[in-house]
Number of protein chains: 2
Amino acid sequence: MDAVDEKILDVLRVDGRASFSAIGRQVGLSTNAIAARVRRMEKSGVIVGYRVVLAADGPESTAGLEAFIDVRLDPAEDSEAFLAWARLVPEIRDAVHVTGAYDYLLHIGVRDTAALDRLLRSLKKQGGAAHTQTRLALR
Amino acid sequence: MDAVDEKILDVLRVDGRASFSAIGRQVGLSTNAIAARVRRMEKSGVIVGYRVVLAADGPESTAGLEAFIDVRLDPAEDSEAFLAWARLVPEIRDAVHVTGAYDYLLHIGVRDTAALDRLLRSLKKQGGAAHTQTRLALR
DNA sequence: ATCTTCTCGTCTACGGCATCCATGCAGATG
DNA sequence: CATCTGCATGGATGCCGTAGACGAGAAGAT
């Protein structure tokens, strides 16, 4: 993580699909050097992933519904894998491993109850949640 | 925005750098068809952009101890008064009125367990909490 | 029914991009 | 001094993205 890596991240923050050669032109390095650096940051965990930003379900923009979801994972599910998955779901603002009867506490923002329903389904199907409990925010 | 577009977005939500041909393989369309659909969604504003997701962007990295406290208020306690009190306590990052068995969910950050103990005491004495349940964050 | 037109897909060709491998070059280490 | 390691470049190769030509199906007018 040096100044060049920061420059690369600056580019990727604005355009997550920027090609390695385009990044290279901006920071003054070859395509290969950029690819190697990005690979390294992906492996070391600095870069968690990439995601599309949508107008429809941005966390703040149209979050009509805010909620907290307690999640108990399936015993077979890997905790790290769940966290990695959760970070890539735009509706999930934050996911925290906590003590108590449940494993994770999720802070989420969705547009409506239909979106909440979809999120809960994918939590069980793709996230590996064995049991969930949802509490709506009433702010 | 039909079912195919949704499928494309599902892929891009998980991997914002997925190639058009890779998406095409998953949804059963040609590279060209995917590119055209993505272009259309970008132009129409459904897709705002693409961002890299960094590990360092978490809201964390501050206090030594982070926790979530479920609070059930004394029936005599006024909800608004509790909120007003909570806002003045620096350790309380956020207080949200929620549905469920408890009234409020507090997100707090303290230096150590001693500070947590002090906070819990004042919650009951000055905050008017009838019952609390604390879950430590394990990040 | 036929023709027009619009939409949305595939197929093909070509230029650009990513990847693999070889290489050069500094600085640290024996 | 020799060598190892990290990090860059440059070239070869194959995949990806783009653009244009073309076909299939739906809707509407004559």
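Per chain, numbering begins at 1; letters A, B, ... match sequence-line order.
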Proximal nucleotide (of D:dG17, C:dT19, C:dA18) relative to the A:Ala35 side chain | C:dT19

If you check the A:Thr31 side chain, which of C:dG9, C:dA18, D:dC16 turns out closest?
-> C:dA18

From B:Arg13 CZ over to B:Ile8 CD1, what is the distance, rounded to the nearest 0.5 angstrom?
-> 11.5 Å

Atom CG of A:Leu29 and atom P of C:dA18 are separated, to the nearest Å, by 14 Å

Taking only side-chain nitrogens and oxygens of A:Ser21, does any of them come within less than 4.0 Å of OP1 or OP2 of C:dA18?
-> yes

When rounded to whole Å, the CD1 to P distance for the pair A:Ile8 and D:dA8 reads 8 Å

Does OP1 or OP2 of D:dG17 have a side-chain N or O of B:Arg39 closer than 4.0 Å?
-> no

Would you kindly compare B:Ser19 and A:Asp2 by the position of their nearest DNA chain D nucleotide and give the one closer to the 5′ end?
-> A:Asp2

Between protein and nucleic acid, restricted to nucleotides 11-13 of chain C and to nitrogen or oxygen atoms under 3.5 Å apart, what atom pairs and distances do you find?
{"residue": "C:dC11", "atom": "N4", "partner": "B:Asn32", "partner atom": "ND2", "Å": "2.5"}

Taking 4.0 angstrom as the limit, do A:Arg51 and B:Asp15 come out as a salt bridge?
-> no

Restricting both atoms to N or O, compile the protein contacts to nucleotides 22-27 of chain D shorter than 3.5 Å, with distance only.
none

Atom CZ of A:Phe20 and atom C1' of D:dC15 are separated, to the nearest Å, by 14 Å

Taking only the side-chain heavy atoms of A:Arg17 (C-beta and beyond), determine which of C:dC17, D:dG17, C:dT19 contains the nearest atom.
-> D:dG17

Could you tell me whether B:Lys7 and B:Asp10 have a side-chain N and a carboxylate O separated by less than 4.0 Å?
-> no

B:Thr132 versus B:Leu120, closest heavy-atom pair with distance = OG1-CD2, 4.1 Å

Are A:Leu136 and A:Leu106 connected, step by step, through hydrophobic side chains (Ile, Leu, Val, Met, Phe, Trp, Tyr) whose heavy atoms are closer than 4.5 Å?
-> yes

Rounded to the nearest angstrom, tell me the gap between atom CZ in B:Arg40 and atom P in C:dC8.
-> 6 Å

Check the distance between C:dT19's P and A:Ile23's CD1 and give it to me in whole angstrom.
-> 11 Å

Taken to the nearest whole Å, CD/B:Gln26 to P/D:dC16 is 13 Å

Could you tell me the separation between the CZ atom of B:Arg25 and the P atom of D:dC15, rounded to a whole number of Å?
-> 10 Å

Would you call A:Arg93-A:Glu66 a salt bridge at under 4.0 Å N-O?
-> yes

Carboxylate-amine/guanidinium proximity below 4.0 Å for A:Lys124 and A:Asp74 = no

Between B:Arg72 and B:Glu77, is there a side-chain N and carboxylate O pair less than 4.0 Å apart?
-> no

Any idea how B:Tyr104 and B:His97 line up, ring-wise: parallel (<30°), tilted (30 to 60°), or perpendicular (>60°)?
-> parallel

